Amino acid sequence: MIIGIPNGLLNIKYRDAIQEFLNTIGFTTVVSPKTNKEILDLGVLNCVDEACLPVKIFHGHVEYLRDRCDIVLVPRIMKLNKNEFICPKFCGLPEMVKYSLDIKNIICPTITAYNEKTLRNSLYNFSKTFRVDKEKFKRAYKGFKSNIYKYNKTSISNPNLRVLLLGHPYLIYDDFINMNLAKKLHQNGVEVFTEDNIEPYDYTYRLIKKPFWTFLRSTYNCAISLVETGKIDGIIYISSFGCGIDSFSIDLIKKDIGSFPYLVLKIDEHTGEAGIDTRIEAFIDLLKRRSKNEYNISSLG
Amino acid sequence: MNITFPHLGNTYIAAKVLFDALDVEYTIPPISTKKTLEIGCLHSPDDICLPFKIMIGNYIESIEKGADTVLITGSCGPCRFGEYCELQKKVLMSLGRQINFIVIDEPSKIGIKEFLNRLSSVAKDSRLSIYKKIKALNMALKAINLIDEIEKECRFFAGYEKNKGEFSKLLKDVKREAIESKGAEGTLKVLENYKDKVDRIEIDNFKTPIKIGIIGEIYTIIDSLSNLYIEDILMNLGVSTKRTLYPSWWVKNTALSALKINRSPIYKEAKHYLGMCIGGHAQECVGEAMLNYKMRFDGLIQIFPVGCMPEIVSKAILPDIEKRYNIPILSLVVDEMTGEAGYYTRIEAFLDLIEGRKRMCI
């Protein structure tokens with residue numbers, strides 16, 4: 001049996017691990033290619049209009065895989081931390097895919113992974129549907145653990161300007177959606193931090209209520225701990241239009257960092273690349289001027 | 001301490017009863033209007049959903065009237081509503097308004113002790129005994145049940161009335177008189193009076209009006225400003241409407257769910273499509289659609305604010321129900337920029353379609 005793995009949403013992060021897991025069990029896997037225009041069009045055509053861009057693209061990936069494999073894997077990721085959720089759309093993703101695309105051959109394991117035990121349990125329940133024996137599962141699980149992708153630390157020769165690139169992993173690591181943002185920043189001589197290569201402190205005590213979204217907690221902690229320690233010169237927040245979680249985290253961060261340089265890039269399927277380029281260049285110019293001039297007072301008042 | 005709260009349908013009548021009975025100072029925010037929405041939009045982030053904006057407008061208008069404490073309910077589910085208190089407090093603080101928030105969260109998440117603490121802080125200024133405080137809460141519950149019951153009957157039987165406009169006039173009268181009457185007992189008496197009056201309005205049992213179920217996100221279908229008074233419009237057109245998601249339903253549902261004895265048929269019906277709670281009221285929306293189909297309704301209208309995460313999931317599911325069970329469903333997405341003319345045209349076209357279907361006996 002051939003299992004298709006859509007290359008969108010959090011699968012971008014866990015793709016290799018899932019592939020290794022399924023291969024060890026004894027299935028052939030096929031991964032959809034990196035997001036491209038064709039997949040984007042397929043997604044926009046079939047998905048609910050109000051959904052955000054990453055979800056639409058995920059629909060495109062599933063539609064692409066539909067006739068290229070026997071069954072498509074659409075995981076329902078519920079929790080990655082205890083008492084925290086990802087996003088309602090992630091919990092309802094299998095239903096959205098099933099009824100929007102009118103597709104029958106999908107398998108949707110429920111993944112709850114806030115510690116070793118729950119992750120193991122969810123994967124075991126998933127493998128039980130294929131009648132896998134325990135010995136095989138153990139080997140597959142080992143493969144899954146050792147293949148979780150580790151992002152290499154960026155090192156650049158000219159660390160004059162350091163920028164924190166915030167956003168959900170599926171926006172930061174999908175070069176088609178973010179239009180090679182990280183690459184463009186590198187070309188302009190800017191060192192880029194992302195969530196994966198820093199170790200943030202916990203600053204959520206500043207909030208009245210403990211946040212219940214994993215993404216909100218991690219982005220908030222990253223931004224505040226780097227701003228407080230003075231490791232960065234500016235923040236670029238990349239967000240998809242209509243994202244419910246970002247609508248909070250953008251403003252919570254903005255209200256906490258005061259006049260720190262902060263650029264928010266909203267992305268949807270109509271975003272033009274030229275506009276994004278201009279804004280990034282203007283932002284970098286601003287950062288350069290700030291580092292030269294100590295008096296950061298605008299002459300326009 | 002002067003307590004205020006955001007508007008949600010008829011809850012202001014229940015809140016009046018509660019605070020009158022507790023003998024606590026309170027401010028009812030002025031009824032939400034276009035101006036409220038404008039104030040709210042000015043101070044809220046762009047991307048946030050519509051209820052947030054209207055609530056901010058409510059707060060600011062009642063702060064101007066002297067309120068200094070906001071009472072809202074919270075949730076710890078994956079929907080955005082749970083984070084409202086956080087950002088709303090920051091927004092109000094950045095405007096230079098010092099204001100306290102009392103957030104009534106689910107007891108299972110914050111602990112029963114903290115929950116009771118927060119509840120008792122509402123009635124901190126009241127000098128009544130604990131027995132009387134519980135009695136006041138009971139009166140408020142009774143009030144919300146009564147007013148919702150009245151509204152429900154008025155909306156449904158509006159299609160069957162003999163003299164046009166009687167139900168809509170009664171509904172306007174009861175709300176006005178309830179809020180103008182003195183004291184908690186006075187309001188309850190008015191409500192009980194009108195409950196009898198509703199039963200005495202003549203109805204014509206041989207009429208076959210169009211029956212429409214209203215489903216969707218709880219705030220936008222209850223709050224008439226955000227859905228551009230859809231229920232009043234349908235009422236005036238002689239259409240019977242029904243919705244289950246009233247504030248009284250919410251109170252009952254939350255209490256039963258907390259005790260894990262909720263046996264509402266909604267969840268049973270929704271199970272085939274959406275087996276688990278994904279936050280907000282997506283599951284209820286799907287379950288309601290199925291229930292309304294089984295009750296032989298002619299059509300369904302789903303309303304939700306732009307970017308509502310759970311309702312996007314249910315919107316993806318509804319076309320399948322539409323196709324499989326042959327029931328027309330209209331999805332209306334509202335935000336602060338919804339144009340009235342386009343909105344009403346769509347509703348009228350939808351009603352024409354249903355009328356045509358009825359004539360052809362589909």
Side-chain angles (χ1 to χ4, degrees), chain A residues 46-52 55-56 59 76 78-79 83-102 108 110 204 206-217 220 239-256 258 264 266, chain B residues 44-49 52 74-91 93-94 100-101 103 105 108-110 270 272-280 282-283 286 304-324 331 333:
Chain A
N46 290 307
C47 188
V48 188
D49 300 330
E50 281 78 18
C52 57
V55 170
K56 281 181 185 167
H59 279 67
R76 186 202 303 275
M78 295 295 282
K79 289 174 182 175
N83 287 335
E84 282 178 9
F85 293 90
I86 307 278
C87 162
K89 275 182 248 171
F90 272 78
C91 306
L93 191 64
E95 278 79 22
M96 281 182 82
V97 169
K98 200 170 163 190
Y99 296 112
S100 301
L101 299 177
D102 199 13
C108 19
T110 306
T204 43
R206 286 190 181 181
L207 304 173
I208 311 163
K209 189 173 178 175
K210 200 175 169 293
F212 53 74
W213 288 319
T214 308
F215 288 139
L216 173 58
R217 190 176 50 81
Y220 183 81
S239 146
S240 53
F241 176 76
C243 177
I245 295 162
D246 283 352
S247 63
F248 275 91
S249 49
I250 287 172
D251 277 82
L252 283 179
I253 293 170
K254 195 195 273 170
K255 290 212 158 40
D256 255 30
V264 178
K266 287 261 161 181
Chain B
S44 318
D46 278 342
D47 260 13
I48 219 90
C49 41
F52 187 97
S75 79
C76 294
C79 167
R80 268 187 271 192
F81 178 68
E83 290 285 342
Y84 271 20
C85 55
E86 180 82 51
L87 198 53
Q88 281 175 340
K89 190 163 185 186
K90 289 212 160 146
V91 166
M93 263 159 68
S94 68
N100 293 322
F101 267 73
V103 187
D105 266 322
S108 57
K109 295 279 159 58
I110 54 170
H272 173 69
Y273 283 101
L274 197 59
M276 59 181 59
C277 174
I278 60 156
Q283 219 184 346
V286 175
F304 64 95
V306 173
C308 177
M309 297 184 280
E311 290 301 321
I312 287 175
V313 177
S314 59
K315 199 197 166 191
I317 295 173
L318 287 181
D320 194 72
I321 296 179
E322 194 175 10
K323 235 185 289 169
R324 186 172 295 177
S331 281
V333 189

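As the structure is a prediction and not an experimental result, all values here were calculated from the model. Numbered from 1 within each chain, the chains take letters A, B, ... in sequence-line order.
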Could you walk me through whether A:Asp251 and B:Lys90 pass salt bridge (Lys or Arg N to Asp or Glu O under 4.0 Å), step by step? CA-CA 9 Å; A:Asp251 277 82; B:Lys90 289 212 160 146; over 6 Å; no
Among [options], residue most engaged with chain B (heavy-atom pairs, under 4.5 Å):
options                              : value
A:Ala51, A:Gly244, A:Cys91, A:Cys243 : A:Gly244
A:Cys87, A:Cys47, A:Pro211           : A:Pro211
A:Ser239, A:Gly92, A:Pro88           : A:Pro88
A:Asp102, A:Val48, A:Val55           : A:Val48

Carefully, step by step, assess A:Lys209 and B:Tyr84 under the rule side chain to side chain contact (heavy atoms under 4.5 Å, CB included). CA-CA 10 Å; A:Lys209 189 173 178 175; B:Tyr84 271 20; over 6 Å; no
Distance check, rounded to the nearest 0.5 Å: [X] atom [atom1] versus [Y] atom [atom2]?
X        : Y        : atom1 : atom2 : result
A:Lys255 : B:Leu87  : NZ    : CG    : 6.0 Å
B:Glu83  : A:Leu207 : CD    : CG    : 7.5 Å
B:Glu86  : A:Leu216 : CD    : CG    : 8.0 Å
A:Trp213 : B:Arg80  : CH2   : CZ    : 7.0 Å

Between B:Ile278 and A:Glu95, is the side chain to side chain contact (heavy atoms under 4.5 Å, CB included) condition met? List the steps. CA-CA 11 Å; B:Ile278 60 156; A:Glu95 278 79 22; 5.9 Å; no
What part of A:Lys98 gets closer than 4.5 Å to chain B, counting heavy atoms only: side chain, backbone, both or neither?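 Neither part.
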Heavy-atom distances under 4.5 Å only: say whether A:Asp246 touches chain B with side chain, backbone, both or neither.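 Nothing of A:Asp246, per the 4.5 Å heavy-atom cut-off to chain B.
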Identify the residue among B:Ile321, B:Leu274, B:Ile317 that makes a side-chain contact (heavy atoms from CB on, under 4.5 Å) with A:Tyr99. B:Ile317
Which of the residues B:Glu311, B:Met276, B:Lys89 is involved in the greatest number of heavy-atom pairs with chain A at under 4.5 angstrom?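 Winner by heavy-atom pair count: B:Met276.
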Part of [X] within contact of chain A (heavy atom distance under 4.5 Å):
X        : value
B:Cys85  : both
B:Pro310 : both
B:Phe304 : side chain
B:Met93  : neither
B:Val333 : side chain

Atom of A:Ser100, atom of B:Ala316 and distance for their closest heavy-atom approach: OG-CB, 3.6 Å
Taking the side chain as everything from C-beta on, heavy atoms only, tell me whether A:Met96 gets closer than 4.5 Å to B:Ile312. yes
Measuring only between side-chain heavy atoms, which start at C-beta, is B:Ile48 closer than 4.5 Å to A:Phe248? yes
